[in-house]
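Lettering of chains follows the sequences in order, A, B, ..., and the numbering in each one begins at 1.
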There are 2 protein chains.
Amino acid sequence: MAQLPPVVARMWGREPVPRRGPRPRLDLAAITAAAIEIADAEGLAGVSMSAVATRLGVAPMALYRYVGNKDDLLIVMADSAVPPPPDPGGLTWRDYLAAWTRANRDILLARPWLLSIQGDTPPAGPQRLRWLDRALQALGETPLDDGEKFNTVTALTGYALTSATLVHATGAGGREGEAGIAGAAEYGEILAEVLDPQAYPTLSAMMSSGLLGRSEDWVEDADFTFGLDLLLDGVEALIRRRTRRRHDRK
Amino acid sequence: MAQLPPVVARMWGREPVPRRGPRPRLDLAAITAAAIEIADAEGLAGVSMSAVATRLGVAPMALYRYVGNKDDLLIVMADSAVPPPPDPGGLTWRDYLAAWTRANRDILLARPWLLSIQGDTPPAGPQRLRWLDRALQALGETPLDDGEKFNTVTALTGYALTSATLVHATGAGGREGEAGIAGAAEYGEILAEVLDPQAYPTLSAMMSSGLLGRSEDWVEDADFTFGLDLLLDGVEALIRRRTRRRHDRK
DNA sequence: ACCTGAACACCGTTCAAGT
DNA sequence: ACCTGAACACCGTTCAAGT
């Protein structure tokens with residue numbers, strides 16, 4: 001699952017260029033698109049090799065010419081399901097990274113099945129690396145070194161992912177008929193019933209004061225923005241420190 | 001997968017208390033322990049209902065008396081594989097949350113299969129909620145409101161998760177013979193070969209200047225600590241702002 | 001009440017064979 | 001070179017039957 005597989009080369013357009021033989025009826029892009037359609041409609045559980053093949057009008061074994069195994073297919077799906085990152089166009093690093101993180105989270109909310117794959121796979125495909133590139137680019141003008149930029153992006157990515165998990169899992173952003181708890185309120189009720197105030201003092205105090213009662217707010221911009229600003233404030237503080245130090249040396 | 005299932009009640013000790021009939025030869029704890037042993041040894045792929053049953057010396061169908069289905073079992077595993085959170089004992093909120101986040105990440109590094117489950121499941125079991133409780137408790141003395149505390153913890157959780165994913169996926173922390181890319185250096189090499197400097201200007205510039213060459217550092221304390229401090233600086237800035245405002249009102 | 005045996009409808013993946 | 005048909009060794013899950 002964590003192995004960076006040969007199929008990665010194909011993701012980057014390094015398709016073998018054969019001379020002879022019948023014209024291929026498939027390619028990696030068509031297979032991936034079919035698999036994504038199934039995942040969007042039925043979730044990851046619906047994505048079986050034979051379901052994908054059926055949708056393409058082909059025998060299941062035909063897929064193995066393009067994909068080493070099913071894990072390969074999942075990795076390719078997780079990359080190509082991601083749209084291009086927002087355009088940097090003239091934004092400050094802070095405004096851009098805010099938009100970038102929000103867009104990142106929105107993708108995960110629209111395609112929750114990505115959560116199950118991305119938590120396990122490093123960015124190695126063209127799309128996810130483009131996202132990484134743009135975020136690093138936005139920090140280009142700052143005095144941070146490469147490692148610091150990288151860790152900043154890691155923190156933002158993690159926040160987007162955890163927020164999306166929470167929203168999706170509690171069903172707060174849930175579309176009708178979707179898997180997930182009926183609502184954050186129900187989640188709260190279940191916890192309230194089960195939590196022992198002795199063992200979970202802070203959490204149960206918060207719950208009885210209504211934290212989780214109104215927790216559909218988790219999806220709302222205000223709440224997401226708060227945590228995001230927390231992170232960006234940290235970055236800004238660091239930049240200010242760095243800048244000051246440079247200035248001192250003059 | 002995201003459904004909060006009836007098995008949750010059982011996680012909380014709400015086992016049915018039967019009167020008559022043969023004494024049970026199994027219980028949820030034993031099943032979970034067996035499944036975790038398999039996951040530790042062979043990864044999540046090795047955890048099949050029949051593998052778990054075999055390890056317990058029982059027919060596979062016996063498990064269905066304790067667990068609704070396999071997804072249920074995974075949810076229970078993901079909770080009970082988590083050890084108790086660090087002890088708060090006299091630490092400042094900042095020191096405690098730093099230790100908490102680091103411990104969080106270390107668990108994920110020790111049991112990478114948790115990554116595949118936790119990215120998809122909200123905390124609903126006794127262990128993960130205990131972690132949540134302790135983190136909120138540490139923020140108890142600060143002037144943050146409940147929602148702010150909650151989002152702070154979300155951001156820290158996300159950072160731990162993404163850091164662990166990155167470390168694990170690039171194999172930087174890999175034990176011998178484990179799944180994963182052989183090393184971060186190899187990951188870098190693959191990317192270097194495939195990245196078009198035109199399409200990925202910042203990333204390829206960083207790579208040729210050696211960012212990913214020395215990227216085993218990702219695991220090292222220094223690098224992890226940097227991102228963590230970034231987050232905590234953000235929290236601290238917010239707390240300072242809140243405190244000042246209160247002071248002004250006097 | 002608890003566990004089992006047999007059975008069902010699937011999986012992912014292989015291999016030799018066809019064109 | 002590409003696709004297929006048949007086959008293999010598994011899955012998760014059901015149900016009726018045993019004690």
Side-chain angles (χ1 to χ4, degrees), chain A residues 1 3 5-7 9-10 14-32 34-35 38-39 42-77 113 116-117 179, chain B residues 1 3 5-7 9-10 14-32 34-35 38-39 42-77 113 116-117 179:
Chain A
M1 187 74 92
Q3 199 102 20
V7 81
R10 266 196 160 137
R14 301 276 190 290
E15 300 261 2
V17 191
R19 290 292 142 86
R20 273 193 276 271
R23 269 276 220 79
R25 291 169 43 196
L26 296 173
D27 56 35
L28 187 57
I31 294 171
T32 308
I38 296 172
E42 311 171 35
L44 219 45
V47 180
S48 70
M49 297 301 273
S50 74
V52 175
T54 301
R55 179 172 272 258
L56 292 165
V58 113
M61 318 80 188
L63 306 181
Y64 287 91
R65 195 151 291 275
Y66 300 87
V67 147
N69 52 44
K70 193 186 173 181
D71 280 348
D72 272 15
L73 178 56
L74 294 178
I75 290 174
V76 181
M77 285 173 70
W113 53 268
S116 315
I117 311 180
Chain B
M1 187 74 90
Q3 200 101 20
V7 80
R10 265 194 161 139
R14 301 277 191 289
E15 300 260 1
V17 191
R19 290 289 142 90
R20 272 193 278 270
R23 269 277 220 79
R25 288 169 47 196
L26 295 174
D27 57 36
L28 187 57
I31 294 171
T32 308
I38 296 172
E42 310 171 35
L44 219 45
V47 181
S48 69
M49 296 302 273
S50 74
V52 174
T54 301
R55 178 172 275 258
L56 293 165
V58 115
M61 318 78 188
L63 306 180
Y64 287 91
R65 195 151 291 276
Y66 301 88
V67 147
N69 53 42
K70 193 186 173 180
D71 280 348
D72 272 14
L73 177 57
L74 294 178
I75 290 174
V76 181
M77 286 172 70
W113 53 268
S116 316
I117 309 180

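In DNA chain D, runs of at least 3 stacked Watson-Crick or G-U pairs (N1-N3 plus N6-O4 or O6-N4, or N1-O2 plus O6-N3, all under 3.5 Å) give these stems: C:4-8 with D:12-16, C:12-16 with D:4-8.
Residue A:Ser50 places no side-chain N or O under 4.0 Å from the OP1 or OP2 atom of C:dC10.
Just one of B:Asn69, B:Leu73, B:Asp72, B:Asp71 meets the side chain to side chain contact (heavy atoms under 4.5 Å, CB included) condition when paired with B:Val7; it is B:Asp72.
Taking atom CG of A:Leu73 as the reference point, atom P of C:dC11 lies 14 Å away to the nearest angstrom. When rounded to the nearest whole Å, the span between CG of A:Leu26 and C1' of D:dA1 equals 13 Å. Counting to the nearest Å, the P atom of C:dT14 and the OH atom of A:Tyr64 are 7 Å from each other. Across the protein-nucleic acid pair, A:Tyr66 atom OH and D:dC2 atom C1' stand 7 Å apart, rounded to whole Å. Atom P of nucleotide D:dC3 and atom CE of A:Met49 are separated by 14 Å, given to the nearest angstrom. C:dC2 atom P lies 16 Å from atom CG of B:Leu56, rounded to whole Å. One atom, CD of A:Glu42, and another, P of C:dC10, lie 13 Å apart when rounded to the nearest Å. Put simply, NZ on A:Lys70 is 14 Å from P on D:dC11, counting in whole angstrom units.
Each of B:Arg65 and A:Gly46 was assigned the nucleotide of DNA chain C with the nearest heavy atom; the assignment lying further toward the 5' end belongs to B:Arg65.
Minimum interatomic distance between A:Ala62 and A:Leu26 (heavy atoms only, all atoms of both residues): CB-CD1, 4.2 Å. In plain terms, the two heavy atoms of A:Leu56 and A:Ala30 that are nearest each other are CD2-O, 3.8 Å. The shortest non-hydrogen separation linking A:Met77 to A:Ala39 is CE-CB, 3.8 Å. Summarising the geometry of A:Ala53 relative to A:Pro60, their closest heavy-atom pair is CB-CA, 3.4 Å, with the distance given to 0.1 Å. Nearest heavy-atom pair across A:Leu44 and A:Ser116 is CD2-CB, 3.9 Å.
Checking C:dT13, D:dT13, C:dT4 against the side-chain heavy atoms of A:Pro60 singles out C:dT13 as nearest. The listed nucleotides are C:dC11, D:dT4, C:dT4; the one nearest the side chain of A:Ala62 is D:dT4.
Using a 4.0 Å heavy-atom cutoff across all strands shown, B:Ala59 reaches sugar-phosphate atoms only and no base atom. When heavy atoms are screened at a 4.0 angstrom cut-off, A:Met61 is found touching base atoms of the nucleic acid.
Judged by distance alone, with hydrogens and angles left aside, the side-chain atoms of A:Tyr66 form no donor-acceptor pair with the main-chain N or O of A:Ile31 at under 3.5 Å.
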